[in-house]
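Throughout, protein chains are lettered first and strands after them, A, B, ... in sequence-line order, and every chain is numbered starting at 1. Please read these numbers as outputs of a predicted model, since none were measured by experiment.
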Amino acid sequence: MRQVVYFPFDYATCTPIVKSPDLTAARQFPTIPAEAKHKESTYLMNTNADLLAGLNPAQQQAARIVEGPVLVLAGPGSGKTRLLTHRIAYLIDPIGVPPYNILGVTFTNRAAREMRERLEDLVGAGRTATLTLGTFHSLCARFLRRDIQHLGRERDFAIYDADDQEQVLRRVLRELQLDEKKYPPRAIKGRISEAKNELIGVQEFARIVRDYFDEIVLRCYERYQALLRESNALDFDDLLMETVRLFEQHPEVLAKYHERYHYLLVDEYQDTNRAQYVLVRQLASRHRNLFVVGDEDQSIFGWRGADIRNILQFEDDYPDARVILLEQNYRSTQAILDIAQAVIQPGGQRKRHKQLWTENGGGTQVTLIEGYDQDDEAQRVADEIVRLMASEGYQQRDFAVMYRTNAQSRAIEEALLSRRLPYYIVGGTRFYERKEVKDVLAYLRLLANPADSVSLERIINTPKRGIGTGTVAELQRFAGGQGVPLFTALQQLQAGEKSPFTERTRTPLLRFLELIESLAAQSRELPLPKLLEALLERLAFREYLLSSYGPDEGDERLGNVVELFNVAEDYTGLEQPLQLPAFLEEVALVADLDSLNQEQASVTCITLHQAKGLEYPVVFIVGLEDGILPHSRSRDNANQMDEERRLLYVGVTRARERLYLLYAFRRSTYGRTTTGVPSPFLRDIPPHLLRKPGGRSTSSVAAAMAQPGISPARPPQGSRSSPISTGRAARQAAGSAASSLRYRPGQRVQHARYGEGIVLSSTPMDGDEEVVVNFKGEGKKHMIASLAKLTVLD
DNA sequence: TCAACTGCTCTTTTT
DNA sequence: GAGCAGTTGA
């Protein structure tokens, strides 16, 4: 009987799709009883004890404030999300805010999802109203879908991600005859993005040009915007900037949202940038029921425009704001909080020094470990996980390994694999960024929006159909000359207009056009999964992948594409014409597939940035070296150094019970090996707060490997082959010990994907080994020993 | 046009 | 060490 509103929206009517049999009940929800509102204008006395029962007095006080601006400054682990969730429940329930009147903004889609789930549990049957919950970007996309025509644009715009943006900029550079080497598209993109985050459009940018590079950027920016418009596309930053513009230029549109949303809640307010700040101001301007929660000590997104002043100056912007401090920490032990304080204390830019405290007791001392190199460091982590599981009863899901850069995950992965610990990597090479996935999506995007020239260019010769780079360049000139999208140019070609193409190049172009047109016709009729199926069939995509990448990799890539079906299935509940656009929007804005791939019983590997807002019983932070954390690019900028410090603080405060800090004596970053210097942040921690494992206190394996402490570590002795798996041992041996083969014909082996098989042959190859295995039901596979994760069964 | 080859750069962090 | 743009030869 519960009623909960999920994404996606129905774009035509802009109403949420309620996955519940009974929408009427939600719609007829009572409005705020007038007398209740006037009796007590800010606090409502008749609280529902159940709804606020889980909160402490300070949280309860915050949750109950019904009107006016509220700033909650909350330390880590103080129950921010909990507070937000209970407050929403409270607004919905005892006060009886009617449907559609609450707008909650979170920082990630994951946070929104989690909050929705918690709300489901919290609010009982028949009492649930609807609310809108999402990230700034997803909300803006929704607003724009509805009203962007006021800005003279089409509704079915595409959303361009970083990759697409760079493609557009490449084309711009080519057109302007600028050297890509001298003006890297990334850098230009960064500058444009920076400007957009501060709501600086092309016109305004012209006025703030500060150097020669900006001059170039200005020229690119102008052309870039024109191309986006021609392609009927918006980039991420446009979503925010255009929404602000829409509200500014069309107060009647904004008024509509004022009507709809009486209560605005923003999580992680310290991470808002200028555009988001203005957006919040616009949306809250009428009712002023703005409730923001944040922690300046956890501001870690300055590099993408987050402006810490938004939170520091909240009271200036809203002089009547109530400010509530949440300092009690419910998450961590005192031992962990001591470390957190030590790390954050020396940082600058802090207005209020929150004093974290907990009733959780002392807890286990935080451990500092030096590994010999990144592999040893990772192995220590894996060993410790195994030890804690055996001796302390932890489960795999209790552990998280956190690092500064995604690249560091690799060593961790290998170590976990060698211990047969299931893990999952958050982010990393994102699913939607894989080439084969992007290719398929490009087709779908083109079907939804034929003006999308970036997508067209991406797939015009994928799979190969005889349209080379020369022809594509010619097509671009042809289209560019008339200022039309590539697709339109193709149509003109078909209509027989005179063009620079020879018969030989013209034929494949027209065949491509016919392909797209016939698929487009199907896209208007078929439900999404069927469309996907037809598309793959028509392209012979399976055969294409298998022939381009071989049976192993081809199969894996095909698996990724098949994964898309799972996502597509979710949209079959929508009316047919909405399925494709809704799907594409989710793909663009919900960058992760966590919910799909996350295995419950797995160790989590995650960047420090992504870890914000999460918590784990046991946390390992690896790579605490100067140049990694803090990152070398931040070294000469005090603000950035502060941000790195806060990043570590965020990581430390994710831990509930146990925390491990690790660094490596040497580390190789793409080829070159360098000696690691422990992070300067470690020096800020009083030594007595840290335990350095000696002798028996760590796992026997780790203890045998290297001496603890700061003394120069010794390289691991010999190969550390575990009886469980040969994967890692194989790789180690490949580097050091020579030649003797690790697999013999007749051996039974296990592979993650193919299952069980018999080794047919094994031959040495470049210090590695090529193994041929016959898998049951899968047949013969050739694999490279160090890459194929093979486990010997007997 | 395309496959094979070579030499170069690249890594923060995310919606 | 990898992925990619640019070059070469078929």
Side-chain angles (χ1 to χ4, degrees), chain A residues 105-112 134-141 159-163 165-166 170 174 179-181 184-187 189-190 193 196-197 234-241 268 271-273 275-276 299-306 402-410 426-430 432-433 435 461-474 502 504-505 508 547-548 585-592 606-613 623 627-635 637 640 643-644 646-648 650-651 668-673 735 786-787:
Chain A
V105 188
T106 59
F107 200 69
T108 61
N109 289 293
R110 181 207 285 140
T135 62
F136 278 106
H137 288 86
S138 63
L139 294 170
C140 287
I159 298 171
Y160 277 2
D161 67 12
D163 211 63
Q165 287 175 268
E166 281 175 39
R170 286 217 168 81
R174 243 177 292 137
D179 185 4
E180 258 189 47
K181 294 267 153 55
R186 276 170 142 268
K189 187 196 79 185
S193 173
K196 287 184 176 178
N197 281 330
L234 298 178
D235 66 23
F236 276 135
D237 306 311
D238 282 336
L239 291 174
L240 303 179
M241 193 165 81
E268 309 283 13
D271 289 325
T272 51
N273 60 32
Q276 290 161 335
S299 159
I300 54 174
F301 285 99
W303 52 271
R304 69 163 206 214
M402 301 179 183
Y403 34 80
R404 175 66 232 267
T405 63
N406 280 307
Q408 290 170 259
S409 70
R410 191 152 160 178
V426 180
T429 312
R430 291 219 184 68
Y432 292 120
E433 282 166 19
K435 183 181 180 304
N461 199 31
T462 306
K464 301 240 176 310
R465 48 175 75 89
I467 303 173
T469 44
T471 312
V472 175
E474 192 65 52
T502 62
R504 177 152 166 262
T505 51
S547 68
S548 326
E585 181 153 322
E586 165 153 336
V587 165
L589 294 173
V590 186
D592 64 273
I606 191 169
T607 63
L608 288 162
H609 281 91
Q610 294 196 89
K612 198 176 62 167
I628 296 188
L629 184 66
H631 196 272
S632 50
R633 310 264 293 230
S634 313
R635 196 169 290 139
N637 179 321
Q640 284 183 35
E643 190 156 310
E644 299 285 307
R646 293 194 292 266
L647 195 53
L648 176 57
V650 166
S668 52
T669 36
Y670 43 120
R672 257 195 309 284
T673 304
S786 65
L787 298 176

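- Taking the ring pair (Phe, Tyr, Trp, His ring centres under 6.0 Å) definition, one finds that Tyr160(A) meets it with nothing, sequence neighbours left out.
- Across dT11(B), dT14(B), dT15(B), the shortest atom-to-atom separation from the side chain of Thr108(A) is found for dT15(B).
- Taking atom P in both dC4(C) and dT13(B), the straight-line distance is 16 Å, to the nearest Å.
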Close N or O pairs between protein and nucleotides 2-10 of chain C (under 3.5 Å):
none

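- Whole-Å rounding puts the His609(A) NE2 to dT14(B) P distance at 7 Å.
- Looking only at distances, a side-chain donor or acceptor of Gln610(A) sits under 3.5 Å from a matching main-chain atom of Val426(A).
- Among residues two or more places apart in sequence or in another chain, the ring pair (Phe, Tyr, Trp, His ring centres under 6.0 Å) test is passed with His631(A) by none.
- Stacking between Trp303(A) and the base of dT13(B) is present: ring centres sit under 5.5 Å apart and the planes differ by under 30 degrees.
- Of the possible donor and acceptor atoms, one in the side chain of Glu643(A) sits under 3.5 Å from a partner among the backbone N and O of Gly302(A).
- A straight line from CG of Asp238(A) to P of dT15(B) spans 18 Å, rounded to a whole angstrom.
- When the P atom of dT9(B) is taken as reference, atom CD of Glu166(A) falls 17 Å away, rounded to whole Å.
- Phosphate contact (OP1/OP2 of dC10(B), side-chain N/O of Arg186(A), threshold under 4.0 Å): absent.
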Legend entry - Criterion side-chain hydrogen bond (donor to acceptor under 3.5 Å, both in side chains) on Glu474(A) and Thr471(A), from CA distance to verdict: CA-CA 5 Å; Glu474(A) 192 65 52; Thr471(A) 312; over 6 Å; no
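- For Arg174(A), there are no salt bridge (Lys or Arg N to Asp or Glu O under 4.0 Å) partners, not counting sequence neighbours.
- For Gln610(A), whose side chain is taken as the heavy atoms from C-beta onward, the closest listed nucleotide among dT15(B), dT14(B), dT11(B) is dT14(B).
- Minimum atom distance to the side chain of Phe236(A) is reached by dT15(B), of the listed dT15(B), dT14(B), dT11(B).
- Of the candidate nucleotides dT11(B), dT15(B), dT14(B), dT14(B) has the atom nearest to the side chain of Asn406(A).
- Atoms CG (Asp163(A)) and P (dT11(B)) sit 13 Å apart, rounded to a whole Å.
- A straight line from NZ of Lys196(A) to C1' of dT15(B) spans 14 Å, rounded to a whole angstrom.
- For the pair Gln408(A) CD and dC10(B) C1', the interatomic distance rounds to 16 Å; values are reported in whole Å.
- Contacts of Arg465(A) classified as salt bridge (Lys or Arg N to Asp or Glu O under 4.0 Å), with partners at least two apart in sequence or in another chain: none.
- Here the P atom of nucleotide dT14(B) and the CG atom of Asp237(A) are 16 Å apart, to the nearest Å.
- For Phe301(A), the ring pair (Phe, Tyr, Trp, His ring centres under 6.0 Å) partners are Phe107(A), Trp303(A), His609(A), not counting sequence neighbours.
- Toward the 5′ end of DNA chain B lies the nearest nucleotide of His631(A), the other residue of the pair His631(A) and Phe107(A) mapping further downstream.
- Evaluation of the side chain to side chain contact (heavy atoms under 4.5 Å, CB included) rule for Asn197(A) yields Ser193(A), Asp237(A), Asn273(A) as partners, not counting sequence neighbours.
- By the ring pair (Phe, Tyr, Trp, His ring centres under 6.0 Å) test, Tyr403(A) is found to be paired with no residue, residues two or more places apart in sequence or in another chain being considered.
- For the pair Thr607(A) and dT14(B), the criterion of a side-chain N or O lying under 4.0 Å from OP1 or OP2 is met.
- Nucleic acid contact for Phe136(A): none, since no nucleic acid atom lies under 4.0 Å from a heavy atom of the residue.
- Atom CG in Asn109(A) sits about 14 Å away from atom P in dT14(B), given to the nearest Å.
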Inset, instruction - Do nucleotides 1-7 of chain B as a string where each nucleotide becomes B, S or -: B if the base has a protein heavy atom under 4.0 Å, S if just the sugar-phosphate does, - if no protein is that close. - result: SSS----
